[in-house]
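Owing to the predicted nature of the structure, the values given are computational and were not obtained by experimental measurement. All residue numbers in this chain count up from 1 along the given sequence.
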Amino acid sequence: MPDGEPVRGRTHVTRTRVRFGDTDAAGIVFYPTFYVWFDVGTTGLLRAAVGELLDDDGTMRWAVPIVDSGARFSAPLRFDEPIAIRSTVTSLGRTSFRVEHVVTRDETEVARGFEVRVLIRHDGGRLAPAELPRELRDAFGDGTATSDEVLA
(Lines give C-alpha, C1' and ligand atoms only; values in the text may rest on other atoms or scores of the structure.)
Protein backbone atom coordinates (compact mmCIF):
# COMPACT_ATOMS: atom_id res chain seq x y z
CA MET A 1 0.00 0.00 0.00
CA PRO A 2 1.31 3.48 -0.72
CA ASP A 3 2.93 5.40 2.09
CA GLY A 4 0.11 7.94 2.19
CA GLU A 5 -3.46 8.82 2.94
CA PRO A 6 -6.61 7.53 1.23
CA VAL A 7 -8.15 9.91 -1.31
CA ARG A 8 -11.15 9.90 -3.61
CA GLY A 9 -9.02 10.93 -6.54
CA ARG A 10 -9.31 11.19 -10.26
CA THR A 11 -11.36 8.56 -12.09
CA HIS A 12 -10.96 7.57 -15.71
CA VAL A 13 -13.21 5.20 -17.68
CA THR A 14 -11.87 3.38 -20.72
CA ARG A 15 -14.38 1.67 -23.00
CA THR A 16 -13.40 -1.13 -25.36
CA ARG A 17 -14.48 -4.59 -26.54
CA VAL A 18 -13.15 -8.05 -25.84
CA ARG A 19 -10.91 -9.11 -28.73
CA PHE A 20 -10.72 -12.74 -29.90
CA GLY A 21 -7.08 -12.91 -28.77
CA ASP A 22 -8.17 -11.98 -25.22
CA THR A 23 -10.01 -15.30 -24.86
CA ASP A 24 -8.84 -18.82 -24.01
CA ALA A 25 -9.82 -22.27 -25.31
CA ALA A 26 -13.03 -22.13 -23.25
CA GLY A 27 -14.05 -18.95 -25.10
CA ILE A 28 -13.81 -16.69 -22.04
CA VAL A 29 -11.31 -13.94 -21.26
CA PHE A 30 -7.98 -15.37 -20.08
CA TYR A 31 -7.31 -13.88 -16.63
CA PRO A 32 -3.95 -12.13 -17.44
CA THR A 33 -5.89 -9.99 -19.93
CA PHE A 34 -7.47 -8.17 -16.99
CA TYR A 35 -4.01 -6.99 -15.90
CA VAL A 36 -3.45 -5.62 -19.42
CA TRP A 37 -6.75 -3.77 -19.13
CA PHE A 38 -5.76 -2.42 -15.70
CA ASP A 39 -2.59 -1.05 -17.30
CA VAL A 40 -4.64 0.48 -20.15
CA GLY A 41 -6.88 2.10 -17.52
CA THR A 42 -3.95 3.53 -15.58
CA THR A 43 -2.32 4.83 -18.77
CA GLY A 44 -5.57 6.55 -19.78
CA LEU A 45 -5.93 8.00 -16.29
CA LEU A 46 -2.35 9.30 -16.35
CA ARG A 47 -2.74 10.81 -19.83
CA ALA A 48 -6.03 12.49 -18.87
CA ALA A 49 -4.44 13.85 -15.67
CA VAL A 50 -1.17 15.28 -16.99
CA GLY A 51 -1.21 15.15 -20.80
CA GLU A 52 1.57 13.74 -22.93
CA LEU A 53 3.31 10.69 -21.50
CA LEU A 54 6.51 11.00 -23.55
CA ASP A 55 9.06 13.80 -23.46
CA ASP A 56 10.21 15.43 -26.71
CA ASP A 57 13.08 12.92 -26.92
CA GLY A 58 10.66 9.96 -26.72
CA THR A 59 11.48 8.93 -23.15
CA MET A 60 8.79 8.24 -20.59
CA ARG A 61 7.79 11.37 -18.71
CA TRP A 62 6.51 9.39 -15.72
CA ALA A 63 8.11 6.00 -15.08
CA VAL A 64 5.70 4.31 -12.66
CA PRO A 65 6.25 0.54 -12.46
CA ILE A 66 3.90 -1.70 -10.48
CA VAL A 67 5.12 -2.88 -7.07
CA ASP A 68 1.91 -4.60 -5.95
CA SER A 69 -1.28 -5.78 -7.66
CA GLY A 70 -4.24 -8.07 -7.25
CA ALA A 71 -7.59 -8.99 -8.77
CA ARG A 72 -10.88 -10.74 -8.09
CA PHE A 73 -13.02 -12.14 -10.92
CA SER A 74 -16.79 -12.47 -10.57
CA ALA A 75 -18.29 -13.14 -14.04
CA PRO A 76 -16.97 -14.38 -17.40
CA LEU A 77 -16.49 -12.22 -20.48
CA ARG A 78 -16.63 -13.43 -24.08
CA PHE A 79 -15.46 -12.26 -27.48
CA ASP A 80 -16.82 -8.90 -28.70
CA GLU A 81 -18.60 -7.98 -25.49
CA PRO A 82 -18.36 -4.26 -24.70
CA ILE A 83 -16.59 -3.42 -21.43
CA ALA A 84 -15.76 -0.40 -19.33
CA ILE A 85 -12.63 -0.20 -17.17
CA ARG A 86 -13.13 2.34 -14.35
CA SER A 87 -9.79 3.31 -12.79
CA THR A 88 -9.67 5.50 -9.67
CA VAL A 89 -6.74 6.85 -7.65
CA THR A 90 -7.54 5.82 -4.07
CA SER A 91 -4.33 6.62 -2.23
CA LEU A 92 -1.43 9.02 -2.69
CA GLY A 93 1.86 8.56 -0.91
CA ARG A 94 5.13 10.44 -1.04
CA THR A 95 6.52 8.29 -3.89
CA SER A 96 3.60 6.00 -4.74
CA PHE A 97 -0.07 5.84 -5.60
CA ARG A 98 -2.78 3.18 -5.67
CA VAL A 99 -5.26 2.77 -8.52
CA GLU A 100 -8.35 0.60 -8.10
CA HIS A 101 -10.04 -0.81 -11.20
CA VAL A 102 -13.54 -2.13 -11.82
CA VAL A 103 -14.32 -3.88 -15.11
CA THR A 104 -18.00 -3.98 -16.10
CA ARG A 105 -20.13 -5.34 -18.92
CA ASP A 106 -23.24 -3.19 -19.08
CA GLU A 107 -24.01 -2.76 -15.38
CA THR A 108 -22.50 -6.10 -14.30
CA GLU A 109 -19.19 -6.09 -12.45
CA VAL A 110 -16.97 -8.82 -13.90
CA ALA A 111 -13.67 -8.06 -12.16
CA ARG A 112 -12.10 -5.78 -9.59
CA GLY A 113 -8.40 -5.18 -9.05
CA PHE A 114 -5.71 -2.77 -7.95
CA GLU A 115 -2.20 -1.61 -8.74
CA VAL A 116 0.30 0.17 -6.52
CA ARG A 117 2.84 2.11 -8.56
CA VAL A 118 5.99 3.97 -7.58
CA LEU A 119 7.52 6.88 -9.45
CA ILE A 120 11.14 6.00 -10.16
CA ARG A 121 14.31 7.76 -11.25
CA HIS A 122 17.70 6.48 -12.34
CA ASP A 123 20.35 6.92 -9.66
CA GLY A 124 23.85 5.87 -10.71
CA GLY A 125 22.65 2.91 -12.76
CA ARG A 126 20.06 1.87 -10.16
CA LEU A 127 16.37 2.57 -9.91
CA ALA A 128 15.26 4.60 -6.91
CA PRO A 129 11.88 5.94 -5.77
CA ALA A 130 11.24 9.59 -6.60
CA GLU A 131 8.88 11.97 -4.84
CA LEU A 132 5.60 12.50 -6.68
CA PRO A 133 5.73 16.03 -8.12
CA ARG A 134 3.07 18.55 -7.17
CA GLU A 135 1.66 18.48 -10.74
CA LEU A 136 0.97 14.75 -10.49
CA ARG A 137 -0.34 14.89 -6.90
CA ASP A 138 -2.74 17.72 -7.74
CA ALA A 139 -3.98 16.04 -10.92
CA PHE A 140 -4.50 12.66 -9.22
CA GLY A 141 -6.16 14.10 -6.13
CA ASP A 142 -8.63 16.47 -7.78
CA GLY A 143 -11.59 14.04 -8.12
CA THR A 144 -12.08 14.77 -11.83
CA ALA A 145 -13.81 12.11 -13.95
CA THR A 146 -12.78 11.54 -17.60
CA SER A 147 -13.30 8.85 -20.22
CA ASP A 148 -12.09 7.61 -23.59
CA GLU A 149 -12.54 4.72 -26.00
CA VAL A 150 -9.88 2.28 -27.13
CA LEU A 151 -10.48 0.93 -30.63
CA ALA A 152 -10.75 -2.83 -30.66
Inset, instruction - Taking all heavy atoms of Asp55 and all of Met60, pick out the closest pair and write down the distance. - result: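 Where Asp55 meets Met60 most closely, the heavy atoms are OD2-O, 4.2 Å.
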Legend entry - Shortest non-hydrogen contact from Ser87 toward His101: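 The pair with the smallest heavy-atom distance is OG-ND1, 2.8 Å.
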Inset, instruction - Enumerate the residue pairs fulfilling ring-ring contact (aromatic ring centres under 6.0 Å, His included) with a member in residues 43-75, sequence neighbours excluded, ordered by first and then second residue. - result: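 Sorted pair list: Phe34-Phe73.
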Legend entry - Residue pairs, two or more places apart or on separate chains, that pass ring-ring contact (aromatic ring centres under 6.0 Å, His included) and touch residues 114-133: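 Counting only pairs at least two positions apart or across chains, no ring-ring contact (aromatic ring centres under 6.0 Å, His included) contact touches residues 114-133.
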Nearest 0.5 Å, what's the [atom1]-[atom2] distance between [X] and [Y]?
X: Thr16; Y: Glu149; atom1: OG1; atom2: CD; value: 7.5 Å
X: Ile120; Y: Arg126; atom1: CD1; atom2: CZ; value: 12.5 Å
X: His12; Y: Ile85; atom1: NE2; atom2: CD1; value: 9.0 Å
X: Arg117; Y: Ser96; atom1: CZ; atom2: OG; value: 12.0 Å
X: Asp80; Y: Thr23; atom1: CG; atom2: OG1; value: 11.0 Å

Legend entry - Candidate pair Glu81 and Asp106, rule side chain to side chain contact (heavy atoms under 4.5 Å, CB included), full reasoning: CA-CA 9 Å; Glu81 289 185 314; Asp106 300 320; over 6 Å; no
Inset, instruction - Identify, with sequence neighbours excluded, every residue that meets ring-ring contact (aromatic ring centres under 6.0 Å, His included) alongside Tyr35. - result: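 Checked Tyr35 against ring-ring contact (aromatic ring centres under 6.0 Å, His included); matches are Phe38.
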Inset, instruction - Only counting residues at least two apart or in another chain, list the ones meeting side-chain contact (heavy atoms from CB on, under 4.5 Å) with Pro76. - result: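 Per chain and number, Pro76 pairs via side-chain contact (heavy atoms from CB on, under 4.5 Å) with Ile28, Arg78.
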Legend entry - Residues that Asp22 engages under side-chain contact (heavy atoms from CB on, under 4.5 Å), provided they are two or more places apart: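 Partners of Asp22 by the side-chain contact (heavy atoms from CB on, under 4.5 Å) criterion, ordered by chain and then number, come out as Val18, Arg19, Thr33, Trp37.
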Do [X] and [Y] share a hydrophobic cluster, counting only Ile, Leu, Val, Met, Phe, Trp and Tyr and linking them when any side-chain heavy atoms are less than 4.5 Å apart?
X: Phe79; Y: Ile83; value: no
X: Val89; Y: Leu119; value: yes
X: Val29; Y: Val110; value: yes

Listed partners of [X] passing salt bridge (charged side-chain N to carboxylate O under 4.0 Å, His left out), at least two apart:
X: Asp24; result: none
X: Arg86; result: none
X: Arg72; result: Glu109
X: Arg121; result: Asp123

Legend entry - Pairs meeting criterion salt bridge (charged side-chain N to carboxylate O under 4.0 Å, His left out) with involvement of residues 29-38, two or more places apart: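 Counting only pairs at least two positions apart or across chains, no salt bridge (charged side-chain N to carboxylate O under 4.0 Å, His left out) contact touches residues 29-38.
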For residues 45-54, run the donor-acceptor check on the side chains, cut-off 3.5 Å, and write out each pair with its distance to 0.1 Å, sequence neighbours left out.
none

Legend entry - side chain to side chain contact (heavy atoms under 4.5 Å, CB included) between Ser74 and Arg112, intermediate numbers included: CA-CA 8 Å; Ser74 52; Arg112 178 177 292 268; over 6 Å; no
Considering only distance and modelled atom types, tabulate donor-acceptor pairs under 3.5 Å from the side chains of residues 129-141, sequence neighbours left out.
from: Arg134; atom 1: NH1; to: Asp138; atom 2: OD1; distance (Å): 3.2
from: Glu135; atom 1: OE1; to: Arg61; atom 2: NH2; distance (Å): 3.1
from: Glu135; atom 1: OE2; to: Arg61; atom 2: NH2; distance (Å): 2.8
from: Arg137; atom 1: NH1; to: Gly93; atom 2: O; distance (Å): 2.6

Inset, instruction - Could you walk me through whether Thr14 and Asp148 pass side chain to side chain contact (heavy atoms under 4.5 Å, CB included), step by step? - result: CA-CA 5 Å; Thr14 302; Asp148 65 12; 3.3 Å; yes
